[in-house]
2 protein chains.
Amino acid sequence: MPGGNCQRQEWWHGKFRCCGYRLTLGREAILDILSKSEGHLSAEDVYMKVHPKYPNVGLTTIYRTLNVLSNLGIVCKLDFGDGRSRYELAEGTEDTHHHHHLVCTNCNKVIDYTDFIDEELELLRKTEKGLGAKYNFKITNHIIQFYGLCDKCSGKE
Amino acid sequence: MPGGNCQRQEWWHGKFRCCGYRLTLGREAILDILSKSEGHLSAEDVYMKVHPKYPNVGLTTIYRTLNVLSNLGIVCKLDFGDGRSRYELAEGTEDTHHHHHLVCTNCNKVIDYTDFIDEELELLRKTEKGLGAKYNFKITNHIIQFYGLCDKCSGKE
DNA sequence: TTATTAATGGAAACCATTTTCATTAAGGAG
DNA sequence: CTCCTTAATGAAAATGGTTTCCATTAATAA
């Protein structure tokens with residue numbers, strides 16, 4: 001598992017290569033943005049961040065690249081119920097700490113939390129192993145999300 | 001918590017009433033279909049099932065009703081990454097057993113599983129309580145999903 | 001350097017979902 | 001039971017995130 005920026009690039013490089021993908025400027029730009037931003041970016045968010053530095057990278061490429069990255073397991077595609085997909089670097093991509101989400105169903109605010117991670121990891125490991133074997137499923141990722149009303153929204157009613 | 005069909009209807013009736021919603025034929029039809037079907041229905045799935053018996057219930061009403069039911073916590077809105085939302089009766093709506101999903105990112109096949117539920121429930125109870133207090137979040141629902149490649153799709157590579 | 005073919009961008013297409021608006025009907029008041 | 005208020009509805013149109021098309025560009029292997 002890579003550590004620094006250089007090694008990380010090498011890693012992506014390798015992942016791309018061995019799957020027959022070409023490493024282009026646009027893709028590197030997108031990976032760069034993702035690794036520098038805190039999660040939950042929509043395709044358009046990524047576009048807005050990439051555009052100033054690389055004005056010739058179109059939104060279509062953002063979508064295509066995010067799909068590729070998602071298929072490779074490098075980014076995780078999320079849905080918070082606001083009609084657009086969100087993307088963040090998947091765990092295992094160094095400096096990404098294991099976390100999950102608390103989503104307000106009213107204002108769509110999202111809180112990352114890292115509590116109970118140890119117990120959670122224990123259960124997840126067991127579950128992944130058990131389910132993987134039972135259903136012959138090759139598990140690559142998981143999502144845990146809690147839904148409810150946030151501080152402000154629960155007060156309003 | 002209601003048991004039979006009659007009591008269940010009473011329960012919905014009450015939930016609707018106390019929130020100022022009117023109980024219409026269309027809404028009852030939709031609830032009826034949801035309670036008779038195994039989960040993971042898209043809005044259009046519901047429409048197709050409701051239509052033969054109630055041809056004058058439009059797709060718009062299906063969407064509107066599913067939203068209302070989702071807000072009331074009667075149904076749970078899910079996303080399996082295939083571009084359309086899925087709905088199923090939320091837990092706590094009797095005969096709905098606590099379960100989660102195993103989603104194939106290649107063919108979108110979904111497997112329900114109920115393994116490790118006891119340990120999971122323990123963790124969830126703790127997490128909900130802890131997070132609820134810490135962030136002053138009123139948690140009403142949660143989702144746990146594992147992603148990966150199913151039996152068939154992992155063999156293909 | 002050249003040839004092959006994946007990658008790209010811009011425009012158009014797609015399609016699930018939402019909005020609009022005129023009409024209908026649920027449910028409380030009398 | 002009837003009337004009245006207003007939520008609910010359906011059909012059509014609008015919306016908007018995402019994908020597809022296609023001609024052009026550029027990354028990689030030979």
Side-chain angles (χ1 to χ4, degrees), chain A residues 9 12-31 33 40-48 50-72 74-75 77-87 105-106 108, chain B residues 9-10 12-31 40-48 50-72 74-75 77-87 105-106 108:
Chain A
Q9 279 190 8
W12 292 337
H13 226 94
K15 266 228 160 181
F16 266 88
R17 282 277 174 70
C18 75
C19 295
Y21 292 111
R22 294 178 182 174
L23 200 59
T24 65
L25 197 65
R27 289 178 174 174
E28 287 199 276
I30 293 168
L31 275 168
I33 288 301
H40 313 170
L41 278 71
S42 67
E44 193 162 354
D45 289 340
V46 175
Y47 177 74
M48 296 307 258
V50 168
H51 194 71
K53 211 170 175 184
Y54 304 88
N56 42 352
V57 172
L59 186 53
T60 308
T61 293
I62 306 284
Y63 275 108
R64 275 189 288 229
T65 300
L66 289 173
N67 269 352
V68 169
L69 293 174
S70 181
N71 289 339
L72 288 179
I74 296 175
V75 315
K77 189 177 180 180
L78 302 166
D79 169 67
F80 297 147
D82 65 343
R84 69 189 62 196
S85 295
R86 307 269 166 181
Y87 303 84
T105 52
N106 188 246
N108 285 315
Chain B
Q9 281 191 5
E10 290 302 323
W12 292 337
H13 226 95
K15 267 228 160 183
F16 266 88
R17 282 275 174 70
C18 76
C19 296
Y21 292 111
R22 293 179 183 175
L23 200 59
T24 65
L25 197 64
R27 289 177 173 174
E28 287 199 277
I30 293 168
L31 276 169
H40 314 169
L41 279 69
S42 67
E44 192 161 355
D45 290 338
V46 175
Y47 177 74
M48 295 308 258
V50 167
H51 194 71
K53 210 170 175 183
Y54 304 87
N56 42 354
V57 172
L59 186 54
T60 308
T61 294
I62 307 283
Y63 274 108
R64 275 189 287 229
T65 300
L66 289 173
N67 267 352
V68 169
L69 293 174
S70 181
N71 289 340
L72 288 179
I74 295 175
V75 315
K77 190 177 180 180
L78 302 167
D79 169 67
F80 296 147
D82 65 343
R84 68 191 62 198
S85 295
R86 306 271 166 180
Y87 302 84
T105 52
N106 188 245
N108 285 315

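These figures come from a predicted structure and were not determined experimentally.
- A distance of 8.5 Å separates CD1 of I33(A) from CG of L41(A), quoted to the nearest 0.5 Å.
- Of the side-chain N and O atoms in R27(A), one or more sit less than 4.0 angstrom from OP1 or OP2 of dT8(C).
- The nucleotide whose nearest atom lies closest to any side-chain atom of T60(B) is, among dG27(C), dT17(C), dT18(C), dT18(C).
- Y47(B) is linked by a side chain to side chain contact (heavy atoms under 4.5 Å, CB included) to H51(B), L59(B), I62(B), counting only residues two or more places apart in sequence or in another chain.
- Across the protein-nucleic acid pair, F16(A) atom CZ and dA29(D) atom C1' stand 19 Å apart, rounded to whole Å.
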Distances under 3.5 Å between nitrogen or oxygen atoms of protein and nucleotides 15-17 of chain D:
unit_1  : atom_1 : unit_2 : atom_2 : d
dG17(D) : OP1    : R84(A) : NH2    : 2.7

Identify each atom pair where a protein N or O and an N or O of nucleotides 28-30 of chain C are less than 3.5 Å apart, giving names and distance.
none

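- As a whole-Å value, the separation of Y54(A) OH from dT25(D) C1' is 18 Å.
- Following rounding to the nearest Å, R64(B) (CZ) and dA7(D) (C1') show an atom-to-atom distance of 11 Å.
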Considering only distance and modelled atom types, tabulate donor-acceptor pairs under 3.5 Å from the side chains of residues 77-84 of chain A, sequence neighbours left out.
unit_1 : atom_1 : unit_2 : atom_2 : d
D79(A) : OD1    : G81(A) : N      : 3.4
D82(A) : OD1    : R84(A) : N      : 3.4
D82(A) : OD2    : R86(A) : NH2    : 2.6

Taking only nitrogen or oxygen atoms into account, show me every contact under 3.5 Å that the protein makes with nucleotides 3-5 of chain C, one pair per line with its distance.
unit_1 : atom_1 : unit_2 : atom_2 : d
dT5(C) : O2     : R22(A) : NH1    : 3.4

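- In this structure, L41(B) atom CG and dA16(C) atom C1' are separated by 16 Å, rounded to whole Å.
- In this structure, the side chains of V57(B) and T65(B) stay at 4.5 Å or more apart for every pair of heavy atoms.
- Remark: C19(B) pairs with Y21(B), L72(B) by the side chain to side chain contact (heavy atoms under 4.5 Å, CB included) rule, at least two apart or across chains.
- Taking only side-chain nitrogens and oxygens, N67(A) comes nearer than 4.0 Å to OP1 or OP2 of dT19(D).
- Protein atom CD1 of I62(B) is 18 Å distant from nucleotide atom P of dT19(C), rounded to whole Å.
- Distance L25(B) CG to dA8(D) C1': 12 Å, rounded to the nearest Å.
- Here CG of N67(A) is found 5.5 Å from OH of Y87(A). Values are rounded to the nearest 0.5 Å.
- For R64(A), the side chain to side chain contact (heavy atoms under 4.5 Å, CB included) criterion is met by T60(A), T61(A), not counting sequence neighbours.
- In this entry the distance linking OH of Y47(B) with C1' of dA16(C) reads 15 Å, nearest Å.
- With R27(B) contributing its side chain and L69(B) its backbone, the two residues share no donor-acceptor pair below 3.5 Å.
- The side chain to side chain contact (heavy atoms under 4.5 Å, CB included) check on L23(A) picks up H13(A), F16(A), E28(A), with sequence neighbours excluded.
- The shortest distance between the side-chain N/O atoms of T24(B) and the OP1/OP2 oxygens of dT9(D) is below 4.0 Å.
- Nearest-nucleotide positions on DNA chain C for H13(B) and K77(B) put K77(B) closer to the 5' end.
- Qualifying side chain to side chain donor-acceptor pair (under 3.5 Å) partners for S42(B), counting only residues two or more places apart in sequence or in other chains: D45(B).
- In this structure, the side chains of L25(B) and Y54(B) come closer than 4.5 Å at one or more pairs of heavy atoms.
- For H51(B) and dA11(D), the NE2 to C1' distance is 13 Å, given to the nearest whole Å.
- Remark: T105(A) pairs with no residue by the side chain to side chain donor-acceptor pair (under 3.5 Å) rule, at least two apart or across chains.
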